[in-house]
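First comes the structure, then the notes that go with it.
We count ligands from 1, going down the list as the structure has it; atoms in each ligand are counted the same way. Every value quoted in this text rests on a predicted model; they were computed, and no experiment measured them.
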Amino acid sequence: MENKLKSKSNHLPPFFVEHMAGGEQKKGGGEQKKAGGGGKKKEVKKETGLGLSFTKDENFGEWYSEVVVNGEMIEYYDISGCYILRPWAMSIWENIQTFFDAKIKKMKVKNCYFPLFVSPGVLQKEKDHIEGFAPEVAWVTKSGESDLEVPIALRPTSETVMYPYYSKWIRGHRDLPLKLNQWCNVVRWEFSNPTPFIRSREFLWQEGHTAFATKEEADTEVLQILELYRRIYEEFLAIPVTKGRKSELEKFAGGLYTTSVEAFIPNTGRGIQGATSHCLGQNFAKMFEINFENEKGEKSMVWQNSWAYSTRTIGVMVMVHGDNKGLVLPPKVAALQVIVIPVPYKDADTQGIFDACAATVAILSDAGIRAEADLRENYSPGWKYSNWEMKGVPLRIEIGPRDLANNQVRAVRRDNGEKTDISRVFLVEQVKGMLEKIQQNLFDVAKQKRDACIEVVKTWDEFIKALGQKKLILAPWCDEEEVEKDVKARTKGEMGAAKSLCTPFEQPELPEGTKCFASGKPATKWTYWGRSY
Ligand code: 86X
């Protein structure tokens, strides 16, 4: 690829040519991964007989990098932390987008689009909130060879871009509520280990920004949106999540309170924030003067929310369900739900088999099932099996001479390898049933694994032990900021510090006299703790 780029260099302006030789390349970027296929890796591959050179349990990080590439979700790019989203990944994004977009439209949220570029003045309008993030802001400083008079930032999030216009557009109570959403990319120049989908320097998300006359309306919406996020994870991606509230230390500092859905990756023992729904209170209304005249003719400030989920969802899905054969896609989000593969045999009726495959796809497609046949003649059935297993297609249908003779097909589940012979008479209903079973089983297995990692602790010693065992820790807490800072300080190390993940809305009983695991003071709630992404 590099050569191709270079050969084009004579058509490019000097700026590009100068910069093409060696951009920034950090560990974990494209360069490193291109080293794939190296001697050592290949050996492992041969030994295990798998399409992957690393196993999920033995080297999770390398397994993940390999599975997103070999599963054709991601292609590495020559800028560290930036990744190409291939159609296989994009269609998953579109499937959850279709669900969420329809749901928020029912809530009367309107889509819009604000510019990617932010002037320095606007970006810094809200200094306190920006300050800690400043190192992550990426800037455009040139056009062609000349320096811009004023550098321009790329949006890391759009509060400061949008809220000046909320101030302009909201005058009276009839202008409320104002509920806008945008589907867009954002740029955050992260420095800690970039990971496809999970932590990338550019990512796709939706950001919703709403303004209400009353706090009650805002509070209600925060939870409605959070429920949609839960459904994306649990019903679409088949990933169990916990709904809860963030601690004062972990909440969005610019807001009043933050709610989130939290997922867990058993292999690394890390929690991961799946999506957030914030009540911003009136903080931004004050700063941006977002006022309205209420029914009594008095000037009041709006109550605001903001909420987002990103392409990180896809990374969590890969980490939770993927196995040593590759991706495992939940049927509800998979671009392809069924792959039909002909299994011709020497002197058998090859044309008949191919026709049966095409007919099977036609019947399934008519029934609204996403199905295709792999009729390529230059690959063996075995090779095709591995290939579609790597890509995670939920159900494989094989059609060979025996199936043709018996007017049946053989279905093989990606999640558990189970094989079933299906009479063609019941094809659609059986396949539908199996896809539902796969969807449910993926969730059940993921929940079982997640739950097996939960450890309830009461004391600091138990906490440290559980942390060492990569557990998702539920502990009674006094809910004091200083105590959380202390927990972070006392657990600092190579693996990263432990922090609170969320205080679940569903609280187990807290017996009178229960003490905080970290401070010994009276506990006021149960909170999840652990290392996190
Ligand atoms: C926080 C807050 C909020 C709208 C959401 O979580 C939902 C959607 N935004 C985002 N955040 C920043 O404010 C931020 C700001 C800058 Cl300047 C930055 F470089 C990175 C940031 N990351 C997160």
Side-chain angles (χ1 to χ4, degrees), residues 81 97 100 104 109 111-140 151-166 178-192 194 198-211 218 221-226 228-229 232 244-262 272-281 283-285 287-288 290 303-313 502 532-533:
Q97 179 178 39
F100 188 78
I104 61 174
V109 176
N111 280 330
C112 62
Y113 188 79
F114 282 76
L116 163 66
F117 298 115
V118 195
S119 69
V122 164
L123 186 76
Q124 280 150 25
K125 171 94 201 251
E126 202 269 276
K127 284 212 191 69
D128 299 343
H129 143 233
I130 297 300
E131 225 162 68
F133 294 116
E136 286 180 18
V137 178
W139 295 88
V140 177
I152 291 169
L154 303 179
R155 65 174 164 232
T157 178
S158 301
E159 282 82 356
T160 62
V161 174
M162 295 168 87
Y163 296 167
Y165 300 91
Y166 280 46
L178 177 61
K179 307 191 199 186
L180 299 182
N181 177 69
Q182 64 177 357
W183 293 96
C184 63
N185 59 340
V186 285
V187 175
R188 294 179 184 173
W189 217 250
E190 305 263 5
F191 290 94
S192 61
I198 302 292
R199 185 179 292 105
S200 55
R201 286 175 163 180
E202 179 187 2
F203 54 90
L204 304 182
W205 76 353
Q206 60 67 218
E207 53 178 320
H209 295 266
T210 55
E221 190 205 56
V222 165
L223 295 183
Q224 283 175 334
I225 294 294
L226 196 67
L228 293 179
Y229 291 154
I232 288 176
R245 184 169 163 155
K246 289 285 190 182
S247 69
E248 283 303 298
L249 205 60
E250 290 300 323
K251 76 170 192 184
F252 172 38
L256 185 58
Y257 65 88
T258 294
T259 69
S260 68
V261 290
E262 298 286 326
I272 184 161
Q273 180 177 293
T276 53
S277 180
H278 311 281
C279 179
L280 303 177
N283 297 347
F284 285 90
M287 275 173 311
F288 289 87
I290 313 178
W303 293 85
Q304 289 177 276
N305 291 341
S306 77
W307 26 272
Y309 79 87
S310 73
T311 36
R312 171 179 272 201
T313 46
C502 77
S532 77
Y533 279 93

Nearest heavy atom to atom 8 (C) of ligand 1, choosing from Ser310, Ser277, Ala308, belongs to Ala308
Heteroatom distance test (Trp307, ligand 1): nitrogen or oxygen, under 3.5 angstrom: no
Using the six-membered ring wherever Trp is involved, compare the ring planes of Phe100 and Tyr229 and label them parallel, tilted or perpendicular (cut-offs 30° and 60°). parallel
Atom 3 (C) of ligand 1: closest protein heavy atom, distance to 0.1 Å, is Glu159 OE2, 3.1 Å
Please list, chain by chain and in numerical order, all residues satisfying ring pair (Phe, Tyr, Trp, His ring centres under 6.0 Å) with Tyr533, sequence neighbours excluded. none
Any side-chain donor paired with an acceptor under 3.5 Å for Ser158 and Gln182? yes
Could you list which atoms of ligand 1 come closer than 4.0 Å to a heavy atom of Val137? 17 (Cl), 19 (F)
With atoms numbered from 1 as shown, which atoms in ligand 1 lie under 4.0 angstrom from a non-hydrogen atom of His209? 4 (C)
Close N or O approach (Glu136, ligand 1; < 3.5 Å): no
Distance from atom 12 (C) of ligand 1 to nearest protein heavy atom, with residue and atom: Phe133 CE1, 3.2 Å
Just to be sure I read this right, does ligand 1 sit under 4.0 Å from the backbone of Phe252, its side chain, both, or neither, counting only heavy atoms? side chain
For Phe288 and Phe284, take the angle between the two ring planes, folded into 0 to 90°, and tell me which bin it lands in: parallel under 30, tilted 30 to 60, perpendicular over 60. parallel
If we number the atoms of ligand 1 from 1 as shown, the ones under 4.0 Å from a heavy atom of Pro156 are 16 (C), 17 (Cl), 18 (C), 19 (F), 20 (C)
Under the side-chain hydrogen bond (donor to acceptor under 3.5 Å, both in side chains) rule, collect the residues that match up with Trp307, sequence neighbours excluded. Glu221
In terms of side-chain geometry, is the basic nitrogen of Arg245 or Glu250 positioned less than 4.0 Å from the acidic oxygen of its partner? no
Atom 10 (C) of ligand 1: which of Glu190, Arg188, Glu207, Lys251 has the nearest heavy atom? Arg188
